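Here's the structure, in structure tokens; my notes come after.
None of these values were measured; they are calculated from a predicted model. Just so you know, ligand 1 is whichever comes first in the structure, and atom 1 is the first atom listed for that ligand.
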Amino acid sequence: MRAIVTAVQVPSVSDVEFDASLTELRRLAKTLGFEVVGRFTQKRARFDSAAYLGSGKREELRELVHDKLAPADIVLVDHEISPSQTFNLEKELGCEVMDRTMVILEIFHRHARSPVARAQVEIARLGYMAPRLREAAKQAGPKDRARSGTGGRSGGESHGELDRRKIRDRIGELQKELDAMDLGRKTQRARRQERQGLARVALVGYTNAGKSTLMRALTGNEALVADKLFATLDTTVRALHPETVPRVLVSDTVGFIKNLPHGLVASFKSTLDEALEASLLAHVVDASDPGFERQLAVTDEVLEEIGAKAVPRILVFNKIDRGGDETALRAQYPGCIVMSARREGDVARLREAIAAFFQRDLVEAELFLPWSAQNLRGEIFASCNVLEERADGEGAFLRVRGDAQAVKRLRKQFGRVKDK
Ligand SMILES: Nc1nc2c(ncn2[C@@H]2O[C@H](COP(=O)(O)OP(=O)(O)OP(=O)(O)O)[C@@H](O)[C@H]2O)c(=O)[nH]1
Ligand SMILES: [Mg+2]
């Protein structure tokens with residue numbers, strides 16, 4: 001598919017911001033496999049209420065789309081536009097029009113793998129489509145109503161109404177499935193946490209910042225890494241490797257983007273919930289991207305929106321091997337980590353910084369493990385650092401250091417304990 005990207009620049013948007021956004025739309029288009037063959041912009045006081053671009057500009061764009069030598073198949077609009085604007089624009093340009101929201105929804109749709117992600121994306125897509133079907137039905141006019149008579153369905157209901165009802169029912173169905181899955185996930189997660197009392201860090205940040213690459217480097221595991229936007233749509237959880245004390249779980253999360261479609265913010269909340277549960281956020285930023293400051297700000301905003309503002313975080317400037325000013329970053333963001341996921345030493349430094357954060361809350365205690373309960377040794381060793389071990393006739397005394405909560409839980413379990 002050959003695409004032309006287009007946008008109206010209103011006075012409140014700076015040139016830099018405007019260009020960055022269009023560049024991002026190009027990358028989104030590339031992720032969908034489109035070839036971007038043109039860029040068409042207009043400065044205007046506001047979007048045209050009927051068809052987004054002004055009428056003269058629509059004429060110009062129409063010619064560009066139907067260029068004899070290099071015709072385009074589709075026009076991508078860098079804003080969310082209304083159903084009627086889309087409809088009118090399509091009619092005038094004589095080709096398909098996709099707005100930014102639809103482009104993002106389409107990427108999410110193609111990349112969703114797990115049942116949860118699929119259901120969430122489907123709900124968002126149906127929510128987006130409903131008013132557009134209404135518009136199409138309106139444009140089709142009374143003919144639509146007449147046609148429905150042959151459909152064998154309840155008389156007087158138009159195809160449009162029927163479709164809308166089907167959409168509503170389908171959304172309801174998906175929501176139920178999702179609630180059931182969410183419940184399962186929650187109890188699973190609760191059980192896992194109870195068992196391990198664990199330290200959690202979530203990798204968050206703008207799409208393509210390198211979260212999955214870091215996840216892979218930090219945990220020695222395979223996470224999907226791709227030079228695509230929204231490569232990751234599910235949260236994966238793995239332990240830091242080599243293992244640390246306390247054991248730290250790392251989760252990789254869905255990437256953020258400016259103007260994330262509303263339906264998706266809501267439906268992805270459950271994915272981002274992982275971020276809320278973490279005791280530490282590693283906010284990954286692509287330092288080599290000229291627009292990194294805006295990306296950083298967008299991520300901060302979304303984190304605030306989902307109520308994760310209070311979670312402690314480390315700022316990680318990644319991809320420094322590709323570009324970026326290390327000295328300036330350090331001066332401007334005290335305490336930040338500047339690194340490249342491609343350098344082993346850098347990854348080790350990040351791993352240490354994460355481990356150090358969790359070691360701040362470590363406490364020491366002495367646990368008593370009777371000989372009859374030696375099968376529980378593994379549990380102690382998994383959640384604590386065993387500093388010293390003494391044995392007597394009845395069992396073993398273990399002096400341990402571990403996360404305050406884990407130690408508290410172990411103390412409950414291993415009766416005769418005394419604090420150090
Ligand atoms: N040069 C360089 N490239 C990197 C670095 N870290 C990641 N990349 C590349 O950046 C691209 C995106 O990396 P991912 O790890 O998939 O990014 P992500 O943040 O998980 O992206 P989403 O899942 O889309 O949100 C890939 O092509 C990586 O190989 C780095 O430190 N240096
Ligand atoms: Mg990823």
Side-chain angles (χ1 to χ4, degrees), residues 23-33 103-114 116-117 120-121 201-238 250-261 264-265 267-268 271-272 274-275 278 281-292 294-296 298-303 306 313-326 329 336-351 353:
T23 305
E24 190 168 88
L25 182 64
R26 271 174 184 272
R27 293 185 58 206
L28 289 165
K30 212 181 111 209
T31 297
L32 277 182
V103 170
I104 294 176
L105 284 171
E106 190 57 32
I107 296 176
F108 273 75
H109 178 65
R110 289 198 197 168
H111 291 188
R113 291 284 169 270
S114 76
V116 173
Q120 287 171 330
V121 174
V201 55
L203 299 169
V204 296
Y206 212 74
T207 179
N208 210 48
K211 299 176 294 297
S212 297
T213 309
L214 282 174
M215 169 84 175
R216 194 142 85 160
L218 286 168
T219 66
N221 261 294
E222 297 292 304
L224 177 65
V225 172
D227 195 10
K228 284 184 174 166
L229 301 183
F230 304 114
T232 308
L233 286 185
D234 284 301
T235 304
T236 46
V237 182
R238 307 253 185 278
V250 188
S251 44
D252 185 12
T253 61
V254 56
F256 297 174
I257 193 160
K258 91 176 171 99
N259 304 336
L260 187 68
L264 284 179
V265 172
S267 60
F268 270 76
T271 311
L272 295 172
E274 291 274 354
L281 300 180
H283 177 171
V284 185
V285 181
D286 178 350
S288 71
D289 192 312
F292 82 87
R294 195 180 55 97
Q295 302 180 348
L296 195 158
V298 167
T299 307
D300 274 344
E301 274 163 35
V302 178
L303 285 173
I306 63 168
R313 70 183 74 151
I314 11 179
L315 201 48
V316 180
F317 288 103
N318 188 34
K319 303 199 193 181
I320 199 69
D321 59 294
R322 245 180 119 224
D325 183 344
E326 181 160 356
L329 287 173
C336 71
I337 291 179
V338 184
M339 66 171 297
S340 162
R342 306 233 157 126
R343 297 183 197 138
E344 242 171 75
D346 286 7
V347 174
R349 264 199 304 130
L350 177 61
R351 189 185 295 111

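- Contact annotation: for Asn318 versus ligand 1, heavy atoms closer than 4.0 Å belong to the side chain alone.
- For the residue pair Ser288 and Arg322, a side-chain donor N or O sits within less than 3.5 Å of a side-chain acceptor on the partner.
- At least one N or O atom of Gly210, backbone or side chain, sits closer than 3.5 Å to an N or O atom of ligand 1.
- Among the atoms of Ala341, some N or O lies under 3.5 angstrom from an N or O of ligand 1.
- Nearest heavy-atom pair, Ala341 versus Val347, reported as atom, atom and distance to 0.1 Å: O-CG2, 3.7 Å.
- Judged as a side chain to side chain contact (heavy atoms under 4.5 Å, CB included), and not counting sequence neighbours, the contacts of Arg342 are Asp321, Ser340.
- Within the listing of ligand 1, atoms 1 (N), 2 (C), 3 (N), 4 (C), 8 (N), 9 (C), 28 (C), 29 (O), 30 (C), 31 (O), 32 (N) sit less than 4.0 angstrom from a heavy atom of Arg342.
- The Mg ion (ligand 2) lies at 2.8 Å or more from every N, O or S atom belonging to Asn208.
- Smallest separation of non-hydrogen atoms from Lys211 and Val204: CD-C, 3.5 Å.
- Among Leu329, Asn318, Asp286, the single residue meeting the side chain to side chain contact (heavy atoms under 4.5 Å, CB included) criterion with Phe292 is Leu329.
- Atoms of ligand 1 lying under 4.0 Å from any heavy atom of Ser212, numbered from 1 in the order shown and given with element: 15 (O), 18 (P), 20 (O).
- Closest heavy-atom approach to atom 28 (C) of ligand 1 within the set Val347, Thr213, Ile107: this belongs to Thr213.
- By the criterion of a heavy-atom distance under 4.0 Å, the side chain of Arg322, and not its backbone, is placed next to ligand 1.
- In terms of the salt bridge (Lys or Arg N to Asp or Glu O under 4.0 Å) criterion, residue partners of Arg294 (sequence neighbours excluded) are, by chain and number, Glu24.
- For ligand 1, the atoms lying closer than 4.0 Å to a non-hydrogen atom of Asn208 are 11 (C), 12 (C), 17 (O), 18 (P), 19 (O), 21 (O), 22 (P), 24 (O), 25 (O).
- With a 4.5 Å cut-off on side-chain heavy atoms, His111 and Thr31 count as touching.
- Within ligand 1, the atoms closer than 4.0 Å to a non-hydrogen atom of Gly255 are 25 (O), numbered from 1 in the order shown.
- Once rounded to the nearest 0.5 Å, the distance linking CD of Glu326 with SG of Cys336 reads 8.5 Å.
- Between Ala209 and ligand 1, at least one pair of N/O atoms sits closer than 3.5 Å.
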